[in-house]
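Start at 1 with the first residue, then count along the sequence.
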Amino acid sequence: MRHHAILPAPHLKQARLQMIEQGIDPRADIDRRVAQSWQRSFLAGLSPRGQTECEDNLSASNLLHARDFNHDLISHSEPVIEYLFEQVKHSHSMVILADAQGVLMHTLGDLDFLSKADRVALKCGASWAENQRGTNAIGTALAECNEIEIHGAEHYLEPNEFLTCAAAPILSAQGQLMGILDISGDHRSRHPHTLGLVSTAAQMIENSMVLSSGQHQVLLQLHTRAEGIGSVAQAVLAFSEDGYLVGANRKALSLLQLQYADMRAVHWSQLFESSFEQMLTQQLRQASSSTALRTKRSLDLFAQIHPNSLMHRFQTVHSFASRQAKTPSTTVDQQWQSALDKACRVIDKGIPLLVVGESGVGKEVFANAVHNGSVRADRNFVAVNCAAIPEHLIEAELFGYVAGAFTGASRQGSQGRIREAHCGTLFLDEIGDMPLALQTRLLRVLQERQITPLGSSTAIAVDFNLICATHRPLKQRVSQGLFREDLFYRINGLQLALPSLRERSDFAPLCSRILRELAPHQQLYIAPELMGALRQFAWPGNLRQLHHCLRTAVALLEHDETCIDWQHLAGDLLQDLGRQVSGQSVCEKQELKGELQSASSSTTPALFEAEEGEQAIHNLRALSLQMIEQALVATNGNVSAAARRLGISRQTMYRKMQERQG
Ligand SMILES: Nc1ncnc2c1ncn2[C@@H]1O[C@H](COP(=O)(O)OP(=O)(O)OP(=O)(O)O)[C@@H](O)[C@H]1O
């Protein structure tokens with residue numbers, strides 16, 4: 001908590017005036033943050049004589065839209081604002097909630113003070129951003145993204161000097177600035193505890209927001225003492241169902257030495273000694289009491305899963321967690337997750353699934369995950385690629401045959417893939433490529449639930465769950481007469497579309513996961529600048545291509561290297577990345593050039609034409625600078641926040657900024 005010494009009003013006014021009229025830097029005894037805010041206000045063209053109506057004040061209808069937009073923030077804040085007002089009632093003050101632009105969304109205050117506040121437009125719809133109102137607690141807390149108290153003549157605009165204000169930012173579980181909580185009052189009733197009160201209340205709002213976050217999350221409450229769980233001082237972490245960190249309050253970040261940039265990249269297993277599954281199982285048994293949990297840094301904590309992660313969610317999480325052991329198809333992508341949830345809900349009811357999506361999006365991996373989540377998980381999962389088997393063999397492959405059924409048949413005969421799937425799951429990949437004659441036979445098997453092997457006249461009962469997949473527009477093939485309409489309806493109990501890699505929201509966690517699978521005993525990571533370029537790439541081959549790219553990169557790492565960078569990419573991919581100018585990669589001209597050249601000599605003989613390479617480098621560099629610009633604008637010039645946003649270090653950020661100026 002930073003309280004600063006409040007200097008006498010004449011002293012402050014004189015310093016401010018000297019700064020404005022003579023360009024003299026405010027004296028050292030003036031709080032640095034206040035002095036910097038005066039300078040920003042001056043540069044924004046504001047005059048201390050002030051104004052009350054600003055360009056950024058919202059009309060009544062725009063205020064309604066803004067309140068709708070900030071609905072979550074407001075609903076979590078309202079009870080806290082009421083509680084806060086109870087604490088400061090009758091002290092000539094008011095409690096204020098502003099949005100992330102500094103526009104006042106909600107106010108609650110003593111009537112006598114509200115009318116005074118109204119005179120300086122301290123009311124709903126008014127903007128108190130620093131560039132509109134000069135130095136003030138709301139605007140300056142926004143600019144600094146930190147709590148601050150602004151008292152009396154520290155305000156830049158003279159009409160606001162009767163105020164004393166304390167404000168604290170409210171951050172989302174992912175570190176996004178959501179709004180500002182403030183207590184403003186008559187400067188004669190300043191209380192040194194107000195800033196602490198506001199700051200605690202802002203934490204209460206943050207906790208409430210984290211604890212109500214997405215239904216696909218496991219919320220973990222932590223404290224060094226068992227009694228601390230549930231208190232405002234508790235740490236709260238949100239994990240995806242497969243154990244990735246997806247949200248946290250600030251207490252949790254400082255307790256576990258984490259940063260917001262770690263979201264979706266850090267896994268439970270990197271934080272705690274015991275496994276995610278152990279914790280879930282333990283909490284399932286005794287949900288109402290806390291469990292001891294030791295961090296990897298040997299810190300002993302008490303932990304409890306928050307009841308918002310409802311018991312039925314636990315069951316899902318639990319079974320999902322145990323499925324992880326069998327399948328790599330873990331994900332934090334919403335579309336994939338929702339498809340998996342739907343599939344798992346219907347598969348045991350005998351409803352056939354039709355999985356559609358581009359080639360390589362992981363349709364088979366998905367089908368396997370559905371099988372592992374079904375009651376048939378302990379039986380066979382049989383995958384048949386209808387496009388990969390020669391037409392004349394596919395019948396025998398699927399339906400089986402008796403000994404000597406045809407020339408070249410095995411002497412023992414074969415039971416066929418469909419019978420192998422008995423009691424388990426049959427996955428027919430590329431069903432759209434199945435020859436028409438075979439479609440008729442398959443339809444009969446699905447209708448009659450029995451099979452007659454080639455060369456036999458005896459029908460054998462079969463029972464399996466059916467999942468089909470295709471990357472072809474099946475309906476179109478039906479209208480072209482290439483696919484039987486009755487079969488289409490028979491296999492299409494529920495259609496699920498899997499997202500292409502471009503559409504997925506979990507690119508970074510997906511990469512970390514694949515790297516963990518490829519090199520389980522190493523902690524590998526991708527250089528942030530390369531990650532930016534890969535994230536922007538179109539990935540026509542989807543997960544299959546990404547998997548190959550990372551496999552090659554891992555193979556090219558020296559034995560003591562843990563960071564994958566440009567030089568570890570295969571030449572053809574480098575070439576495609578270079579050509580693609582829509583990416584947001586950030587790379588040094590010389591570095592990239594060198595790497596392109598060395599990749600060209602070591603991996604692909606004919607790589608870049610010199611001119612093409614130069615152009616690509618130029619484009620990438622321009623894009624990199626453009627991104628720096630955008631990140632700085634988005635974070636109001638806050639270098640650390642902008643660097644975090646881009647996933648690069650502050651040092652690199654400063655270097656890029658110099659480059660931008662040069
Ligand atoms: N969740 C995943 N994690 C890691 N790698 C994956 C994942 N899903 C798929 N892959 C990679 O992509 C490859 C292709 O997956 P899969 O065969 O399931 O895709 P598909 O959509 O069925 O492709 P196609 O349409 O060409 O048959 C896998 O062999 C694997 O290398």
Is any side-chain heavy atom of [X] less than 4.5 Å from a side-chain heavy atom of [Y]?
X      : Y      : answer
Cys511 : Leu546 : yes
Leu253 : Tyr260 : yes
Asp262 : Tyr244 : no
Glu397 : Arg417 : yes
Leu577 : Leu534 : yes
Leu501 : Leu510 : yes
Phe507 : Gln536 : no
Asp429 : Val384 : no

Can you measure from [atom1] ([X]) to [atom2] ([Y]) and round to the nearest 0.5 angstrom?
X      : Y      : atom1 : atom2 : answer
Leu353 : Gln495 : CG    : CD    : 10.5 Å
Arg297 : Leu255 : CZ    : CG    : 11.0 Å
Ser240 : Gln337 : OG    : CD    : 8.5 Å
Leu557 : Asp565 : CG    : CG    : 10.0 Å
Leu222 : Leu293 : CG    : CG    : 6.5 Å
Asn638 : Cys145 : CG    : SG    : 7.0 Å

Could you pull out the closest heavy-atom pair between [X] and [Y], with the gap in Å?
X      : Y      : value
Arg544 : Ser359 : NH1-OG, 3.6 Å
Cys563 : Ile526 : SG-C, 4.5 Å
Leu73  : Gly179 : CD2-CA, 4.2 Å
Leu219 : Ala238 : CD2-CB, 3.7 Å
Glu206 : Pro169 : OE2-O, 3.7 Å
Val554 : Ala519 : CG1-CB, 4.4 Å

Give a yes/no verdict on a cation-pi contact between Arg502 and Trp539, requiring under 6.0 Å between NZ or CZ and the six-membered ring centre and an angle within 45° of the axis.
no
Do the side chain of [X] and the main chain of [Y] share a donor and acceptor less than 3.5 angstrom apart?
X      : Y      : value
Gln439 : Met434 : yes
Ser512 : Ala508 : yes
Gln174 : Val246 : yes
Glu144 : Ala141 : no
Asn249 : Ala252 : yes
Lys363 : Gly357 : yes
Gln278 : Ser275 : yes

Quick one: do Leu543 and Val365 satisfy side chain to side chain contact (heavy atoms under 4.5 Å, CB included)? Show the steps, please.
CA-CA 10 Å; Leu543 277 159; Val365 174; over 6 Å; no
Could you label the plane-to-plane angle of the His371 and Phe381 rings as parallel, tilted or perpendicular, counting under 30° as parallel and over 60° as perpendicular?
tilted
How are the rings of Phe366 and Trp336 set relative to one another: parallel (under 30°), tilted (30 to 60°) or perpendicular (over 60°)?
perpendicular
Worked verdict on Val356 versus Leu474 for side chain to side chain contact (heavy atoms under 4.5 Å, CB included):
CA-CA 9 Å; Val356 297; Leu474 221 46; over 6 Å; no
For side chain to side chain contact (heavy atoms under 4.5 Å, CB included), just list the numbers for Leu550 and Leu515, CA-CA rounded to whole Å, side-chain angles, deciding distance to a tenth of an Å, and then say yes or no.
CA-CA 7 Å; Leu550 295 179; Leu515 288 176; 4.2 Å; yes
Could you tell me if [Y] and [X] have a donor-acceptor pair between their side chains, going purely by distance under 3.5 Å?
X      : Y      : value
His568 : Glu561 : yes
Asn368 : Glu364 : no
Ser500 : Glu503 : yes
Asn380 : Glu420 : no

Return yes when atom NZ of Lys296 has more than 12 non-hydrogen atoms of other residues, nucleotides or ligands closer than 6.0 Å, and no otherwise.
yes
After noting the C-alpha distance and the side-chain angles of Tyr525 and Ile564, does the key distance pass the side chain to side chain contact (heavy atoms under 4.5 Å, CB included) rule?
CA-CA 6 Å; Tyr525 66 100; Ile564 294 176; over 6 Å; no
Salt bridge between Arg472 and Asp433, side-chain N to carboxylate O under 4.0 Å?
yes
